[in-house]
Amino acid sequence: MKCNENYRKLQPNYLFSTVAKKVAEERQRHPNRPIYRLGVGDVTLPLCPAVIGALGRAVEEMAAAETFRGYGPEQGYDFLREGIRGHYAEFGVDLDREEIFVSDGANSDLGNILDLFSRENTALIPDPVYPVYLDTNIMDGRKILLLDGREENAFLPLPDPSLRADLVYLCSPGNPTGAVYTRPMLQEWVNWARAQGAVLLFDAAYESFVVGELPHSIYEVEGAKECAIEISSFSKTAGFTGMRCGYTVVPRALEREGMSLNRMWLRRQTTKFNGVSYVVQRGAAAVFTPEGRRQTGEATAFYRENAALIAAALRELGVWFTGGICSPYIWMACPAGMGSWEFFDLLLREAGVAGVPGAGFGKNGEGFFRLTGFGGREETLQAVGALRALYRARGWAGQT
Ligand code: PLP
């Protein structure tokens, strides 16, 4: 018996456990001093009433023989896929129901989609990045190229014609950076991918935070259906992190080597996945009802307003950052040339604010720091006040 040796190449992921340990130690040192958690990457508001109502009704249906449901349709119930189709139509994207696959969340599909691609392919992954892209490719033993996100490109790297890769990960709005690709930028990626025969894996987990003209979906760009798979989720859109529901779009037009990626994904899912529960899919479909839209929209707006409060303070202090507008994330430069863990320790100790050190998201994350709008309003306001006071006391305002 031989194990998958690639697992030896994975870096231990201590980011969130180290953050939690340091916060716990600080709390022990000063039990009466508040700690404001601005590092949370999970939602904190409960499910909205429209979703709760739909879940309750679906549970009742499961209690009666006439309405009980067993295994569901292969790609998800029509009522949910129609809701998703309608959602895409709102930003001008016309999807066929057969192109939508309901999943138990973006994470599983981000890993599972790699079943469709040879391990001899090269994956191009932005740095800094949501660590799952990197680790799933390491597990498969695929060659990895890192694409530099930096202050100079506002953490939105673009392709140059000499770039060679088979699979490319794009996340917009990004985690950890909160940065959002514009339509012309996505068009550059699509043009490049079509010229190369590469496939883009577009992570749209935060699309519901987008307001204004920026794109929600890669398919808003011409030619994307021939080169892109989109993976999305109800986690941040509707507070489903604990419910587990998402979806992946594999266009019919997406073919490589005479194979339809849509048919391959169907085959893969029907072999290795048995669908999301009826109850959860009913809950997810309620997100697209008028009340569901309004209520989930209010929750997203609340997180976005928290992020905007942090962003406004950073702007006032002259701190360089990305995100904070169409995203729950704010990605800020650490002050005075500090390393990201050094700044984490100082911010926690002196201001009682807990964020996430950028170094945990890749080598280019060093010197940067992630804050989020997922906290409560009062906590966010207190944290912003403490941050302002620290920057003023240290003379950092206007210096980064
Ligand atoms: N993609 C990104 C960029 C994320 O930040 C997250 C969760 O934080 C996910 C995917 C995972 O989403 P899900 O809860 O649907 O698995």
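Sequential numbering from 1 along the given sequence is applied to the chain's residues. Counting starts at 1 for both ligands and their atoms, following the listed order.
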Show the atoms of ligand 1 that are less than 4.0 angstrom away from any heavy atom in Gly105. 15 (O), 16 (O)

Salt bridge present between Glu98 and Arg252 (N-O < 4.0 angstrom): no

May I have the step-by-step check of side chain to side chain donor-acceptor pair (under 3.5 Å) for Ser162 and Asp160, ending in yes or no? CA-CA 6 Å; Ser162 65; Asp160 74 66; 2.3 Å; yes

If I apply the N/O under 3.5 Å rule, does Arg244 come out as touching ligand 1? yes

Within-shell test, Thr241 vs ligand 1, heavy atom, strictly < 4.0 Å: no

Per-atom filter on ligand 1: closer than 4.0 angstrom to a heavy atom of Ser233 are 13 (P), 15 (O)

Over 60° means perpendicular and under 30° means parallel, so classify the ring planes of Phe344 and Phe369, tilted if in between. tilted

Arg57/Glu60 ion pair, N-O < 4.0 Å: no

Does NZ or CZ of Arg268 fall inside the cone over Phe273's six-membered ring, less than 6.0 Å from its centre and within 45° of the axis? no

Using distance alone, with no hydrogens and no angle criterion, decide if Thr300 and Arg304 have a side-chain donor and acceptor under 3.5 Å apart. no

Shortest protein heavy-atom distance from atom 11 (C) of ligand 1, along with the residue and atom involved: Tyr130 OH, 3.4 Å

Non-hydrogen atom of Gly246 closer than 4.0 Å to ligand 1: no

Could you tell me whether a side-chain N or O of Glu230 sits under 3.5 Å from a main-chain N or O of Ile218, the two making a donor and an acceptor? yes

Which residue and heavy atom of the protein sit nearest atom 2 (C) of ligand 1, plus the separation: Asp203 OD2, 3.4 Å

What is the closest protein heavy atom to atom 12 (O) of ligand 1, and at what distance does it sit? Ala106 CB, 3.7 Å

Using a 4.0 Å heavy-atom cut-off, which part of Asn107 comes near ligand 1: side chain, backbone, both, or neither? both

The atoms of ligand 1 lying under 4.0 Å from a heavy atom of Lys236, numbered in the order shown, are 7 (C), 8 (O)

Considering only heavy atoms, which of Cys171, Pro328, Ser235 lies nearest to atom 14 (O) of ligand 1? Ser235

Take every heavy atom of Phe240, measure it against each atom of ligand 1, and state whether any distance is under 4.0 Å. no

For Tyr206, atoms of ligand 1 separated by under 4.0 Å from a heavy atom: 2 (C), 3 (C), 4 (C), 5 (O), 7 (C), 8 (O)

Has Met259 got more than 12 heavy atoms of other residues, nucleotides or ligands less than 6.0 Å from its CE? no

Taking the six-membered ring for Trp, are Tyr329 and Phe321 closer than 6.0 Å centroid to centroid? no

